[in-house]
J.: 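One structure is given below, represented as structure tokens, and several questions about it will come after.
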Amino acid sequence: MFRPKVPAMPQPTGLVAPPAVVEPTAVIQHTPRAPAPAPFVPAAPVPARPAVQLTPGAVIALVGSGTAVVLVVGAVLVSMLLAVAITGASVAICALVIRSLINADSKRR
């Protein structure tokens with residue numbers, strides 16, 4: 001009764017198109033030509049990269065923004081942990097109430 005009935009290999013119904021004919025294509029390999037030699041140009045001196053200079057205001061801004069990011073991420077993580085703890089406690093209390101109701105009902109019979 002509960003065993004599924006697996007159909008045998010079903011035959012296609014309706015119009016069936018014949019398989020398409022695939023014609024082979026020719027593969028032609030091209031040999032790359034050698035690039036023309038570049039004319040000699042003396043190398044220009046590479047300019048030195050300027051050093052990054054941090055002003056006291058920039059350092060204070062970096063420290064302040066870093067502290068703000070750490071505080072926000074910490075608050076989010078603590079709130080998520082608190083939400084998980086509250087949910088777990090409420091599920092445990094619900095389980096205790098349901099168990100006591102079931103036990104009280106079975107003792108009454």
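Here, residue 1 is the first one in the sequence, and each next residue gets the next number. None of the values given here were measured: they were computed from a predicted structure.
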J.: Taking the side chain as every heavy atom from C-beta outward, state whether Val97 and Leu101 have any atom pair closer than 4.5 Å.
T.: yes
J.: Hey, what do you get for CD1 (Ile93) to CD1 (Ile98), rounding to the nearest 0.5 Å?
T.: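 Rounded to the nearest 0.5 Å, the CD1-CD1 separation comes out at 12.0 Å.
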J.: Please round to the nearest 0.5 Å and tell me the distance separating atom CG of Leu77 and atom CG of Leu82.
T.: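 Reported value, rounded in 0.5 Å steps: 12.5 Å.
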